Amino acid sequence: MAQLTSSRLVKRGRRFVRQHPLGRYALPALLIAVFIAYPFYFELPGISAITLDALGLKLDTVFVIAIYVMLALGLNIVVGYAGLLDLGYVAFYALGAYAVGWFASDHFNQVTFHFGSTAVPTLPGIHLNFWLVVLLAGVIAGLAGVIIGWPTLRLRGDYLAIVTLGFGEIIPDVFRNSDALPLPGGLQSSPPFVEFSRVNFTDGVRGIRQLDRPGFGDFGDTVGFLPDRFTSIDLKPWFITIVVLCLIVVFVNQRLRDSKMGRAWIAVREDEVAASAMGVPLMRTKLWAYGIGAVFGGFAGALYGSFIGSIFPTSFFFNISILILCMIIVGGMGNIYGVVLGAIVLQYLNLAGLDKIGQRLNDAIGPGGVVGLLDEPVDIPKYKFLIFGLLLVLMMLFRPEGMIPSARRKAEFEEEGAESVLYDVTR
Amino acid sequence: VATVDTAAALQGRRFPPLSRLLFWLFGGILLFGVGWFLISNLVQHPARFAEISLIGFTNGSIFALIALGYTLVYGILELINFAHGDNFMLGSFETHAIVRDGAFQIPLLFGVVAIPLGTAATADSSTSVRIYAIAMSLFFAMLLCSVINTSIERIGYKPLRNQPRLAPLITAIGFSFILQNVGLAWKGAGRVPVPNILPKGDLFDWKGVDYSYQDLMVIAITIPLLVVLTWLVRSTKQGKAMRATAQDREASAIMGINVDRTISFTFAIAGALAGAAGVIYALYIGTSNFQLGFRLGLFAFTAAVLGGIGNLSGAVLGGILLGMVAAYNDGFGDARWTTTIIFSILILILVFRPSGLLGEQTPEGQ
């Protein structure tokens with residue numbers, strides 16, 4: 001009986017969110033308003049007890065959570081819609097951040113080139129307009145996605161996973177080692193017949209520092225309310241930017257899901273052979289999903305890079321790919337609400353929540369511990385990937401469709417038997 | 001199986017002529033470059049070349065032992081057991097426990113159960129104590145790792161056999177993180193040093209090519225293990241059941257083979273090999289770390305793919321080849337790029353020759 005009511009409640013909730021205008025527009029609008037207004041109210045006397053003391057939600061934490069919402073939505077296209085397990089998504093994120101490093105900092109100080117940038121005009125290096133750089137980061141990441149995807153997407157699901165993992169490991173590795181990359185500069189008469197010159201692409205482990213901040217410069221003056229230059233003191237413009245970007249990603253997610261391409265993705269995900277027999281071009285369909293996912297990874301990376309101000313190869317390691325994957329799986333693959341919720345919850349736990357929980361727990365247990373087992377305080381944040389690993393296993397075992405499942409995904413996981421052999425070959 | 005062939009045909013696996021031409025062109029240039037690199041180094045420093053080849057062979061045998069675990073599991077379930085590398089790491093930690101602390105430790109999440117064995121040894125202990133310590137580390141590490149591997153299969157993979165194929169892959173990644181954190185809670189985040197209890201000095205030194213007792217130990221443990229494994233798979237009833245299950249699970253079940261038990265047995269063997277590799281690694285390299293398993297596991301998986309996944313001799317060949325590649329690059333090239341090179345090999349093999357050097361042996365490959 002209880003089962004029945006709860007399922008009816010879920011159904012009602014789903015209908016409210018999908019069809020009722022209050023659910024379709026008011027709920028997301030409320031969420032966005034709560035988010036955008038955060039810099040205005042988080043420090044107010046009564047509220048700061050909750051936002052800062054109890055939850056530990058500092059401004060930059062909230063911003064990074066929003067970046068991960070965007071990343072999760074981007075990966076959702078690849079994993080949630082097209083069903084391609086991508087274990088190297090961090091590579092595109094890193095590429096986006098490094099694009100800012102290349103085109104909006106004084107890294108290449110041999111040349112001085114300015115184009116609509118907020119940086120001081122005498123500063124050496126390539127300084128392009130930030131919004132241009134974001135687009136460029138998307139283009140670079142998307143191109144990388146197509147180049148990586150073109151030979152690999154014909155592979156079976158698990159081989160694809162391992163190849164993307166390989167790329168996810170290679171790209172940060174290349175960034176770490178590319179401080180003196182030998183590039184062919186000309187020909188010579190003795191072996192190896194090619195003359196190499198050393199080029200510093202990424203400055204190795206030192207990373208690229210002092211990235212340009214976004215801003216509207218002179219254009220901002222003419223329009224008035226647009227800020228000339230984003231600063232690390234006033235984060236409101238950052239918040240608005242990330243909301244706009246997230247909204248674009250949500251819009252693209254939703255429109256793509258309901259498009260011809262989206263239906264092709266679902267067909268490919270559910271049964272590749274049948275889809276291809278129905279005339280769905282497999283390679284092109286998968287490549288689009290992979291490329292679009294990569295573009296959004298690049299956007300997020302660009303914004304993150306410029307927010308942090310300096311980028312290091314160590315900030316882009318494998319665990320991030322798994323964290324983003326975890327967000328999608330916990331939230332609900334293919335469901336935008338689910339993915340957003342998963343990203344917010346997990347990244348909050350990752351950045352602040354586990355610290356707070358650990359503090360609370362250690363305060364509650366106090367010195368001495370419980371039955372001699374926990375005789376010293378447990379450092380919970382240290383074991384956060386234990387928690388994420390457990391989450392992956394438990395979700396797969398007990399609720400593979402996620403907390404807020406998409407109806408179709410749920411049906412796929414529930415449909416057992418039929419023709420599905422043990423460890424089905426084609427999925 | 002027929003449907004898969006159709007899928008391959010529909011996808012158009014064949015390359016159009018121009019890209020095939022480019023493929024051979026770039027492949028040729030790459031092979032020429034690698035050949036040039038090796039031969040010029042062989043001519044310039046023959047003794048160093050021989051020594052680096054020996055190092056590569058020894059490292060390669062460790063890769064091979066881990067790769068066998070991946071290939072055994074993949075051959076029977078078509079599942080990449082991501083947790084395998086971390087299992088190997090726990091094996092090396094167990095060696096630390098037995099050789100340094102002299103106790104068999106069972107890692108639980110935030111506590112350790114220790115059974116004293118009196119195996120603590122240092123380089124100054126008597127020979128019998130040291131041999132006892134090595135034998136006990138081997139036994140207990142293999143036991144621990146095979147129990148862990150079998151439990152993971154029972155808890156995480158078995159309930160998902162009817163699910164889409166990516167579901168057990170995701171639990172495997174989850175277990176990989178869980179085991180890493182077990183290691184972290186067990187021995188901490190720093191490096192875990194294992195005392196060197198093998199005789200110091202070289203077994204022989206021939207024109208600058210020296211062969212140490214450590215190198216000998218690696219071979220002396222690996223070869224008997226390979227012989228036993230070959231015997232198990234080729235000549236026992238259980239091995240026959242494994243091969244049958246790998247070929248066709250349903251048909252084997254109809255023939256009265258207990259498929260679940262066979263799969264558990266395979267995981268137990270794979271775990272035992274990971275444990276043995278952990279012991280060898282700990283004694284040979286002398287240090288371990290909780291993050292070691294992930295990367296080394298991926299190297300070993302590359303080795304398994306290089307040789308042909310599911311193919312036991314392929315895993316050994318792939319492991320040794322990969323060890324050599326890594327050693328040549330560490331010795332003559334730039335050691336910073338070794339990881340990149342190994343992962344590039346993985347990608348190139350998967351893209352251009354997914355069946356590996358010796359051909360894959362999986363239900364799908366046949």
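Chain naming here is simple, since letters A, B, ... match the order of the sequence lines and numbering starts at 1 in each. None of the values given here were measured: they were computed from a predicted structure.
No other option in B:Ala185, B:Pro159, B:Ser176 has as many heavy-atom pairs under 4.5 Å with chain A as B:Ala185. The candidate with the highest count of non-hydrogen atom pairs below 4.5 Å against chain B, out of A:Asn177, A:Asp173, A:Ile148, A:Ile329, is A:Asn177. Of the listed residues (A:Val174, A:Leu325, A:Ile387, A:Leu391), the one with the most heavy-atom contacts under 4.5 Å to chain B is A:Val174. With respect to chain B, the highest number of heavy-atom pairs below 4.5 Å among A:Phe388, A:Phe385, A:Tyr383 belongs to A:Tyr383.
One finds the CD1 atom of A:Ile162 at 5.5 Å from the CG atom of B:Leu298 (value rounded to the nearest 0.5 Å). Atoms CD1 and OG1, from B:Ile347 and A:Thr152 in turn, are 8.0 Å apart once rounded to the nearest 0.5 Å. Atom CG of residue A:Asp158 and atom CG of residue B:Leu169 lie 6.5 Å apart, to the nearest 0.5 angstrom. Remark: A:Met396 CE to B:Ile173 CD1 distance equals 9.5 Å, nearest 0.5 Å. To the nearest 0.5 Å, the span separating CZ on B:Phe301 from CG on A:Leu165 amounts to 10.0 Å.
At a threshold of 4.5 Å between non-hydrogen side-chain atoms, the residues A:Phe318 and B:Phe294 count as touching. Within the 4.5 Å cutoff, the side chain of A:Arg176 has no heavy atoms near those of the B:Arg336 side chain. Residues A:Leu397 and B:Leu160 form a side-chain contact, since some pair of their non-hydrogen atoms from C-beta on lies under 4.5 Å apart.
Heavy atoms closer than 4.5 Å to chain B are found in the side chain of A:Ile322, but not in its backbone. At a 4.5 Å heavy-atom cutoff, the contact between B:Ser344 and chain A is made by backbone and side-chain atoms alike. Contacts between A:Ile171 and chain B at a heavy-atom distance below 4.5 Å are absent for every atom of the residue. Heavy atoms closer than 4.5 Å to chain A are found in the side chain of B:Ile80, but not in its backbone. With a 4.5 angstrom heavy-atom cutoff, B:Ala172 does not touch chain A via any of its atoms. With a 4.5 angstrom heavy-atom cutoff, B:Leu350 touches chain A via backbone and side-chain atoms both.
Checking A:Leu392, A:Val79, A:Leu87 one by one against B:Ile170, the side chain to side chain contact (heavy atoms under 4.5 Å, CB included) holds for a single residue, A:Leu392.
Summarising the local packing, CH2 of B:Trp186 is surrounded by more than 12 heavy atoms from other residues, nucleotides or ligands at distances under 6.0 Å.
Scanning both residues, B:Val351 and A:Pro151, for their nearest heavy atoms gives CG1-CB, 3.7 Å.
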